[in-house]
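Remarks on the structure that follows.
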Amino acid sequence: MTAHQFGLFETEPARPEGLAYRDDFVSVEEERLLAAHISELPFKPFEFHGFQGNRRTVSFGWHYAFDGSGLQETEPIPPFLLPLRDRAARFAGLAPPALPHVLVIEYAPGAGIGWHRDRPVFDDVIGVSLLAEARLRFRRKRAAGWERATLVARPRSAYLLRGPARSEWEHSIPAMDRLRYSITFRSFREDSDPRRSSV
Ligand SMILES: O=C(O)CCC(=O)C(=O)O
Ligand SMILES: [Fe+2]
C-alpha cells in the first residue's frame with residue numbers, strides 16, 4: 001500500500017483498519033486470459049429485493065440470493081478461477097477451501113455499487129480488479145459525522161477486507177466510465193457456514 005492511495009483529503013484517515021491492498025496481484029497476461037474467460041460467463045443483472053442494479057453478476061460455489069432465500073449451493077468454481085483462488089487464499093492467510101464462494105461482477109460504463117457492508121454470513125472478502133481502476137470508497141459513522149477513506153484499486157490489484165474494514169466500514173464504488181470486472185472471494189463466518197452440519 002502506498003501512502004498516496006489514501007488521504008485524498010486531509011480529514012481522511014490513513015486507512016481503515018483491516019484493509020490490505022496489493023498491486024500486481026495478477027500479470028498483464030493473466031488479466032487478458034481471465035477477462036476472456038469472464039466475458040463468456042452467464043452474467044445476470046444484479047437484483048436486490050426486486051430492484052435491478054446496473055451491474056451484472058455470476059456466483060460460483062455458493063450464491064447469496066437477496067430475495068430472502070439466502071445462501072444456495074450453485075455451480076462449482078470453474079477451473080480457470082482456481083489458481084486465482086489459491087493466490088487469494090495465500091494473500092489472506094487462509095487455505096483455499098476456506099474460500100468456497102466467488103462472485104464475478106461486470107461493471108459496464110455507468111455501473112457502480114452503492115453503500116453497503118457485505119452480508120453477515122460472509123467473513124473475509126478478497127476482491128481482485130481487472131481492466132479498469134475503481135475508487136473503492138469507505139465510510140463509517142462517528143459521533144461527529146461520517147469518517148471517510150478512498151482506496152484506488154488498480155487493474156490487476158487485490159484488496160482484503162477484514163476486521164473493522166469489513167464489519168464497521170461501509171464501501172461503495174461510483175459509476176465506472178470503462179468496463180471493469182471484479183472477482184470477489186469470500187469465506188463464511190464460522191457460525192454461518194452452510195457446509196457445517198446443523199446438528
Ligand atoms: O467490485 C468490487 O470490487 C466490490 C464488490 C462488492 O463490494 C460486493 O459485491 O459486495
Ligand atoms: Fe461489498
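First listed ligand is number 1; within each ligand, the first listed atom is number 1. These values consider heavy atoms only, across backbone and side chains, with no hydrogens, waters or symmetry-generated copies.
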Please evaluate residues Ile183 and Leu103 with respect to the criterion side-chain contact (heavy atoms from CB on, under 4.5 Å), reporting the C-alpha separation (whole Å), side-chain torsions for both, the decisive distance (0.1 Å), and the verdict.
CA-CA 6 Å; Ile183 306 166; Leu103 171 70; over 6 Å; no
Set of residues satisfying side-chain contact (heavy atoms from CB on, under 4.5 Å) with respect to Glu40, sequence neighbours excluded:
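Result, side-chain contact (heavy atoms from CB on, under 4.5 Å) vs Glu40: none returned.
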Please name all residues satisfying side-chain contact (heavy atoms from CB on, under 4.5 Å) with Asp86, sequence neighbours left out, ordered by chain then number.
Arg90, Pro96
Pairing of Arg87 and Glu30 as salt bridge, 4.0 angstrom limit
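Answer for the salt bridge query: yes.
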Rounded to the nearest 0.5 Å, how far does NE2 of His101 lie from NE2 of His63?
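Rounded to the nearest 0.5 Å, the NE2-NE2 separation comes to 9.5 Å.
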Taking atom CG of Leu19 and atom CG of Leu161, what is their separation to the nearest 0.5 Å?
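Answer for the CG-CG pair, Leu19 versus Leu161, is 6.0 Å.
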Give the residues near ligand 1 by chain and number, with the criterion being a heavy-atom distance under 4.0 Å.
Leu103, Ile105, Tyr107, Ile113, His116, Asp118, Tyr159, His171, Ile173, Arg180, Ser182, Arg186
Between Tyr181 and Ser39, is a side-chain contact (heavy atoms from CB on, under 4.5 Å) present by the stated rule, with each step listed?
CA-CA 9 Å; Tyr181 292 134; Ser39 68; 3.5 Å; yes
Quick check: closest heavy atoms across Phe185 and Leu99, and the distance to 0.1 Å?
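Closest pair (atom of Phe185, atom of Leu99, distance): CB-CD1, 4.0 Å.
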Tell me whether the NZ or CZ atom of Arg186 lies within the 45° cone about the ring axis of Phe122 and under 6.0 Å from its centre.
yes
Every N, O or S from the protein that is nearer than 2.8 Å to the Fe ion (ligand 2)
His116 NE2, Asp118 OD1, His171 NE2
